[in-house]
Student: 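Pasting a structure below so you can have a look.
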Amino acid sequence: MQRFFFNKRLIIILVTIIIGFTLIAFSIVVRNNRSTPTVIQQVGNSAVNLVDRVVGTPVNGLKDAGDSVSDLLNTYRENQTLKKKVDSLATHEVQNQVLKRENKKLKRELNLKNSLTDFKLITASVTARSPSSWQNQIIISKGSSAGIKKNQAVVSQYGLIGRVTEVNTSTSKVELISNNNSSADQFATQVLAKSGSVNGLITSYSKKTNLLTMGQIKSQRKISKGDKVVTSGLGGNSPEGLLVGKVVKVKKDEYGLSSTVLIKPAADLSDLQIVSVAKRID
């Protein structure tokens, strides 16, 4: 049944087209024949216009639809191109932010280099940090081939972070000041109090409070909150004057003398990417 109606519609369309072309041909003959009555010419012209509208409307509709589809495809392609450009801009923006942060850190490292007269700094990147020993050690990208030796002090852009404990050709192991192992070497430090320098040793670190403990204080000089703590240089491996942190609390013994000092580290020990090793200039 559906095929019958389809064939019927096809026959009607073909007959309409044939009639249309016949009327067009007839109209042309009529218009070219000047002896043809005006009324007949008008009828012929009307018939041609009617056929033109019947046949032309679907054709124009298809053309408009084709143009719309073409415009839609062009818009889609343009949209995809713009998206790629936006993604590219976003990527470049992130890369620029990372480069700016690295540049800022390197500039701070350079300023720190200018303050060390007896030592030069060898800049390296942190290549490994195990979660199981997060507070204890890191691996850096420079070793003996760069002049690094055991027990040299290591700093970040803000201050002291530890010392070299193992040296390979192209890498080194750094023991952090937050290391609480009993076998870890203690850093010789001094508090820059208003009454003078107070020497001591970094004896422990609290992960909970993020505070260093400075003990073995023999001086009776007054230590106040906010006093800076630096390396003392005693022992010869660490340069004097490397910033360790600031005093946040002073604990006293039964005689009223300072026994331990709690220090907030200057360096962010949880975020170490670029570090420098202090090498003595012979």
Student: Could you list the residues that satisfy salt bridge (Lys or Arg N to Asp or Glu O under 4.0 Å) with Lys173, not counting sequence neighbours?
Tutor: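 So Lys173 forms a salt bridge (Lys or Arg N to Asp or Glu O under 4.0 Å) with Glu166.
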
Student: Rounded to the nearest 0.5 Å, how far apart are CD of Gln190 and CG of Asp227?
Tutor: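 That separation rounds to 12.0 Å.
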
Student: Can you check side chain to side chain contact (heavy atoms under 4.5 Å, CB included) on Leu272 and Val174, steps first, answer last?
Tutor: CA-CA 12 Å; Leu272 299 175; Val174 177; over 6 Å; no

Student: How many angstroms lie between CG in Leu160 and CG in Leu212, if you round to the nearest 0.5 Å?
Tutor: 9.0 Å

Student: Take Thr260 and Ile217, measure what side chain to side chain contact (heavy atoms under 4.5 Å, CB included) needs, and give me the verdict at the end.
Tutor: CA-CA 7 Å; Thr260 56; Ile217 299 172; 5.8 Å; no

Student: Can you list the other members of the hydrophobic cluster that holds Leu192, where links are side-chain heavy atoms under 4.5 angstrom apart?
Tutor: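 Listed partners: Val230, Leu243.
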
Student: Nearest 0.5 Å please: distance from the OG atom of Ser232 over to the CG atom of Asn199.
Tutor: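 The distance works out to 5.5 Å.
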
Student: Going by heavy atoms in the side chains, are Met214 and Val229 under 4.5 Å from each other?
Tutor: yes

Student: List the steps and the verdict of side-chain hydrogen bond (donor to acceptor under 3.5 Å, both in side chains) for Thr127 and Ser141.
Tutor: CA-CA 6 Å; Thr127 59; Ser141 62; over 6 Å; no

Student: How long is the straight-line distance from CD1 of Ile274 back to CD1 of Ile140, given to the nearest 0.5 Å?
Tutor: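 If we round to the nearest 0.5 Å, Ile140:CD1 and Ile274:CD1 are 12.5 Å apart.
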
Student: Would you find a donor on one side and an acceptor on the other, under 3.5 Å apart, between the side chain of Ser133 and the backbone of Asn136?
Tutor: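 Absent.
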
Student: Could you go through the side chain to side chain contact (heavy atoms under 4.5 Å, CB included) check for Arg129 and Leu176 one step at a time?
Tutor: CA-CA 11 Å; Arg129 190 173 188 179; Leu176 301 176; 3.5 Å; yes

Student: Taking a hydrophobic cluster as the set of Ile, Leu, Val, Met, Phe, Trp and Tyr residues connected by side-chain heavy atoms closer than 4.5 Å, whether directly or through intermediates, do Val248 and Leu269 fall within one such cluster?
Tutor: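 Val248 and Leu269: separate clusters.
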
Student: Determine whether a donor-acceptor pair (N or O, by modelled atom type, separation under 3.5 Å) exists between the side chain of Asp268 and the backbone of Ser270.
Tutor: yes

Student: Keeping Ser172 on the side-chain end and Lys142 on the backbone end, is there a donor-acceptor pair under 3.5 Å?
Tutor: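 It does hold such a pair.
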
Student: According to a hydrophobic-cluster definition based on side-chain heavy atoms being under 4.5 Å apart (Ile, Leu, Val, Met, Phe, Trp, Tyr only), do Val126 and Val155 belong together?
Tutor: yes

Student: Taking the side chain as everything from C-beta on, heavy atoms only, tell me whether Lys251 gets closer than 4.5 Å to Leu262.
Tutor: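 Heavy-atom side-chain distance check passes, below 4.5 Å.
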
Student: When you measure from the side chain of Thr213 to the backbone N and O of Thr203, does any donor-acceptor pair fall under 3.5 Å?
Tutor: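 A pair under 3.5 Å: no.
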
Student: Out of curiosity, Ile139 CD1 to Ser125 OG, how far, rounded to the nearest 0.5 Å?
Tutor: 12.0 Å

Student: Kindly compute the distance separating CD1 (Ile122) from NZ (Lys149), expressed to the nearest 0.5 Å.
Tutor: 10.0 Å

Student: Between Leu211 and Lys264, does the side chain to side chain contact (heavy atoms under 4.5 Å, CB included) criterion hold? Intermediate values first, please.
Tutor: CA-CA 5 Å; Leu211 294 178; Lys264 182 178 181 181; 4.0 Å; yes

Student: Taking Lys279 for the side chain and Gln152 for the main chain, is one N or O donor matched with an acceptor at less than 3.5 Å?
Tutor: no

Student: Of Ile263, Ile177, Asn210, which is the lone residue that meets side chain to side chain contact (heavy atoms under 4.5 Å, CB included) with Tyr205?
Tutor: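 The single option meeting the side chain to side chain contact (heavy atoms under 4.5 Å, CB included) with Tyr205 is Asn210.
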
